Amino acid sequence: MMSYRDCMDILNRVMHRGEGELFHHRTIADHAESVGGRVSTALSDTATSILSSNGFDPDTAMPLDVGALSRSITDPDVTDTSDEQWNAMISDMIGTYNIDRPEEEQICDIPLAQGMEALAAETCMISIDDVGVRHQKEQRKDGGTRQRKFVENTVIHIQADGKAYVITAVGMENAFRLLVAFLLQNHLMEDRHLVFFSDGAQNIRANIDKYFGYRPYTLILDWFHLAKRIRELSSMAFKMKKEEKQETIRKILRILWPGNVDKAIGYLHTIPGKSIKSKYYVEEMIAYLERKKPNITCHAARRARNLRISSNTSEKANDCLVAQRQKHNGMSWSFAGSGALALLTTLKMNNTLDSWLHEGRLSMSLVSEGRTISSIRAA
């Protein structure tokens with residue numbers, strides 16, 4: 001978690017290195033990159049073995065023959081949410097929530113409120129996030145400034161049965177390949193709800209559909225990012241006094257909280273023209289809600305049942321694995337260097353760093369949630 005230069009200073013002091021024997025920060029960076037590269041290769045080889053033995057293409061992580069897959073994967077046998085007892089429980093919850101609320105803020109879409117995972121033991125929750133750190137090319141062009149772009153690290157947090165595991169890789173396809181292998185290895189695709197959480201990024205949604213389109217799954221737009229986008233667009237769309245604008249934003253969010261996207265769009269159409277600063281951003285907000293509607297759930301019902309409504313676990317993991325260490329001002333990274341450092345931190349978070357360093361052994365198994373969280377906090 002510290003810089004290579006700080007690590008160099010500590011090692012030289014602790015090991016009493018004299019002139020001519022000093023560690024150099026570049027040596028430590030190269031070593032971290034080398035170890036991270038070996039870990040990446042070992043994980044890839046493990047994924048290849050798992051995918052091949054389960055009827056998946058080892059390179060693409062796609063089923064070789066969907067028809068040959070176990071029915072527990074393609075058509076999972078999970079508790080039926082149309083069960084009468086289930087419906088009665090949901091109806092009671094809806095009745096309690098709707099008391100004294102305006103119609104547009106009530107839970108109106110009953111199927112949306114019902115269509116949740118019934119039992120935690122039948123659910124695997126997967127949060128996905130992407131973070132970019134600056135990449136600096138090795139050479140300058142014509143003596144000019146270095147040409148920069150971003151190294152994209154994908155972080156995936158998997159949670160099931162009170163346990164968790166974190167995957168990281170440079171490149172979303174690499175991360176999804178490891179994800180498919182991990183789910184197969186831990187039997188988390190068999191008779192399970194797969195519930196994905198994301199910030200709404202198009203590439204995440206496209207990859208989920210690509211790698212899991214042969215089986216049922218749920219994709220939920222993270223509430224934090226939904227609310228954040230509404231606030232951003234509202235600040236540019238409305239011309240109101242501060243208190244009035246804040247109340248308008250709160251009203252939109254209260255309508256969206258139970259998943260009433262159409263009613264939120266209807267409310268936007270009722271805002272008088274004199275209160276609109278930019279019609280473009282109002283239309284942009286409407287278009288955003290229409291695009292994201294399939295992934296906007298009934299957050300009110302989920303919160304009432306103490307179910308997750310956000311991808312904050314992957315956001316926190318991303319912060320610990322990548323952002324805290326690699327996104328400081330002036331820092332830039334090679335693809336191998338960024339990925340290796342994030343991967344080594346992931347081993348620590350998954351409590352497998354010691355077994356790799358001392359035994360050369362990796363585990364792709366769920367870890368106690370408490371141990372994973374403590375690793376995140378320690379990091």
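Small disclaimer: the values here were computed from a predicted structure and weren't measured. Both backbone and side-chain heavy atoms feed into the values below; hydrogens, waters and symmetry mates do not.
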Asker: What I want to find out is whether K293 reaches E290 closely enough, with some N-O distance under 4.0 Å, to be called a salt bridge.
Answerer: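 Between E290 and K293 there is no salt bridge, as every charged N stays at least 4.0 Å from the carboxylate O atoms.
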Asker: Would you say that F238 contacts K277 through its side chain, given a criterion of any heavy-atom pair below 4.5 Å between the two side chains?
Answerer: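 The answer is no; the side chains never approach within 4.5 Å.
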Asker: Assess the residue pair F176 and I208 against the criterion (side chain to side chain contact (heavy atoms under 4.5 Å, CB included)); give the C-alpha distance rounded to whole Å, side-chain angles, the decisive distance to 0.1 Å, and a yes or no.
Answerer: CA-CA 8 Å; F176 269 86; I208 292 173; 3.8 Å; yes
Asker: Angle between ring planes, F196 versus Y217, binned at 30° and 60°: parallel, tilted or perpendicular?
Answerer: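 Perpendicular: the ring planes of F196 and Y217 meet at over 60°.
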Asker: If you define the side chain from C-beta out and look only at heavy atoms, does anything of I296 sit under 4.5 Å from W223?
Answerer: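 Sidechains of W223 and I296: no contact.
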Asker: Are any side-chain N or O atoms of R71 and backbone N or O atoms of D77, one a donor and one an acceptor, separated by less than 3.5 Å?
Answerer: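 Absent.
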Asker: Between V39 and T346, does the side chain to side chain contact (heavy atoms under 4.5 Å, CB included) criterion hold? Intermediate values first, please.
Answerer: CA-CA 11 Å; V39 172; T346 302; over 6 Å; no
Asker: So, are E173 and K210 salt-bridged, with charged N and O less than 4.0 Å apart?
Answerer: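 Counted as a salt bridge, because a side-chain N and a carboxylate O are separated by less than 4.0 Å.
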Asker: Hey, could you give me the CG/CD1 distance between N295 and I204, rounded to the nearest 0.5 Å?
Answerer: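 Between atom CG of N295 and atom CD1 of I204 there are 11.5 Å.
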Asker: Can you name the closest pair of heavy atoms from T352 and S363 and give their distance?
Answerer: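 Of all heavy-atom pairs spanning T352 and S363, the closest is CG2-CB, 3.9 Å.
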Asker: Give a yes or no on whether V66 and L51 share a hydrophobic cluster (residues Ile, Leu, Val, Met, Phe, Trp, Tyr; joining criterion: side-chain heavy atoms under 4.5 Å apart).
Answerer: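 In one cluster with V66: L51, yes.
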Asker: Under the side chain to side chain contact (heavy atoms under 4.5 Å, CB included) rule, what do F182 and I167 come out as? Steps first, then yes or no, please.
Answerer: CA-CA 9 Å; F182 179 85; I167 291 171; 4.1 Å; yes
Asker: Tell me, do I252 and M285 make a side-chain contact under 4.5 Å, heavy atoms counted?
Answerer: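 The answer is yes, as the side chains (C-beta and beyond) meet within the 4.5 Å cut-off.
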Asker: What is the minimum heavy-atom distance between T154 and G171, and which atoms define it?
Answerer: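 In this case the closest contact between T154 and G171 is OG1-C, 3.9 Å.
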Asker: Can you find a heavy atom in the side chain of E284 that is under 4.5 Å from one in the side chain of R229?
Answerer: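 Yes, side chains in contact.
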Asker: Tell me if a side-chain donor or acceptor on K245 pairs with a main-chain N or O of K239 at a distance below 3.5 Å.
Answerer: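 Side chain of K245 to backbone of K239, a donor-acceptor pair under 3.5 Å: no, none is there.
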Asker: Are S34 and R38 close enough that a side-chain donor and a side-chain acceptor fall under 3.5 Å?
Answerer: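 The answer is yes; a qualifying pair exists.
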Asker: For I220 and H299, which heavy atoms make the closest approach, and how far apart are they?
Answerer: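 The answer is CG2-NE2, 4.5 Å.
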Asker: Give the intermediate values and the outcome of side chain to side chain contact (heavy atoms under 4.5 Å, CB included) for residues W356 and V35.
Answerer: CA-CA 10 Å; W356 169 258; V35 174; 3.7 Å; yes
Asker: Could you check whether any side-chain heavy atom of E190 comes within less than 4.5 Å of a side-chain heavy atom of L184, counting everything from C-beta outward?
Answerer: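 No, every pair of side-chain atoms sits at 4.5 Å or beyond.
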Asker: Applying the side chain to side chain donor-acceptor pair (under 3.5 Å) criterion to S127, which one of H157, R308, Q159 satisfies it?
Answerer: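 Option passing the side chain to side chain donor-acceptor pair (under 3.5 Å) with S127: R308.
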Asker: Cluster question for you: counting only ILVMFWY and a side-chain heavy-atom cut-off of under 4.5 Å, with indirect links fine, are M236 and Y267 together?
Answerer: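 Same cluster: M236 reaches Y267 through Ile, Leu, Val, Met, Phe, Trp or Tyr contacts under 4.5 Å.
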Asker: Any side-chain heavy-atom pair from N260 and E104 closer than 4.5 angstrom?
Answerer: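 With C-beta onward as the side chain, the pair stays apart.
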Asker: If I compare all heavy atoms of A169 with all of A175, which pair ends up nearest, and what's the gap?
Answerer: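 Residues A169 and A175, closest heavy atoms: CB-N, 3.7 Å.
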Asker: When rounded to the nearest 0.5 angstrom, what distance separates CG in L183 from CD1 in I50?
Answerer: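 The distance works out to 10.5 Å.
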Asker: Decide if atom OH of Y280 counts as having more than 12 heavy atoms of other residues, nucleotides or ligands within a radius under 6.0 Å.
Answerer: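 Counting neighbours around OH of Y280, 12 or fewer heavy atoms of other residues, nucleotides or ligands fall under 6.0 Å, so no.
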Asker: Would one find more than 12 heavy atoms of other residues, nucleotides or ligands at under 6.0 Å from atom CD of E359?
Answerer: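 Yes.
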Asker: Would a 4.5 Å heavy-atom cut-off, applied to side chains only, mark V195 and I126 as touching?
Answerer: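 No; the side chains remain at least 4.5 Å from each other.
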Asker: Determine, stepwise, if the pair S72 / R215 fulfils side-chain hydrogen bond (donor to acceptor under 3.5 Å, both in side chains).
Answerer: CA-CA 10 Å; S72 63; R215 56 154 296 142; over 6 Å; no
Asker: Could you give the distance from CE (M62) to CG (D57), rounded to the nearest 0.5 Å?
Answerer: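 It is 9.0 Å, given to the nearest 0.5 Å.
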Asker: Taking Y97's backbone N and O only, do any of them form a donor-acceptor pair with R101's side chain (distance below 3.5 Å, no angle check)?
Answerer: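 Present.
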Asker: Quick check: closest heavy atoms across C124 and L188, and the distance to 0.1 Å?
Answerer: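 In this case the closest contact between C124 and L188 is SG-CD1, 4.1 Å.
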Asker: Just how far is it from atom CD1 of I107 to atom CD of E105, taken to the nearest 0.5 Å?
Answerer: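 Atom-to-atom, I107:CD1 and E105:CD are 12.0 Å apart.
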Asker: Is R250 atom CZ crowded by more than 12 heavy atoms from other residues, nucleotides or ligands, each under 6.0 Å away?
Answerer: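 More than 12 heavy atoms, drawn from other residues, nucleotides or ligands, come within 6.0 Å of this atom.
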Asker: Can you check whether I230's main-chain N or O pairs, donor with acceptor, with S234's side chain at less than 3.5 Å?
Answerer: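 Between the backbone of I230 and the side chain of S234 there is a qualifying donor-acceptor contact (under 3.5 Å).
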Asker: Tell me if the OH atom of Y288 is crowded by more than 12 foreign heavy atoms within 6.0 Å.
Answerer: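 Check passes, neighbour count above 12.
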Asker: Nearest 0.5 Å, please: how far is CD1 in I128 from CD1 in I158?
Answerer: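 Taking CD1 in I158 and CD1 in I128, the distance rounds to 9.0 Å.
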Asker: Counting only N and O atoms by type, is there a donor-acceptor contact under 3.5 Å from the side chain of S44 to the main-chain atoms of S40?
Answerer: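 Checked: no pair found.
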Asker: Looking at N207 and M172, would you say the former's side chain and the latter's main chain have a donor-acceptor pair under 3.5 Å?
Answerer: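 No, N207 side chain to M172 backbone: no donor-acceptor pair under 3.5 Å.
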Asker: Mind checking whether L69 and D65 have side chains closer than 4.5 Å, heavy atoms only?
Answerer: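 Not touching, per the 4.5 Å side-chain cut-off.
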Asker: Rounded at 0.5 Å granularity, tell me how far CE in M189 sits from OG1 in T74.
Answerer: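 Rounded to the nearest 0.5 Å, the CE-OG1 separation comes out at 10.5 Å.
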Asker: So which atom in C108 and which in K263 form the shortest heavy-atom distance, rounded to 0.1 Å?
Answerer: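 Residues C108 and K263, closest heavy atoms: SG-CE, 3.6 Å.
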Asker: Output yes when a side-chain donor or acceptor of N350 lies under 3.5 Å from a complementary backbone atom of V166, and no otherwise.
Answerer: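 Yes, N350 side chain to V166 backbone: donor-acceptor pair under 3.5 Å.
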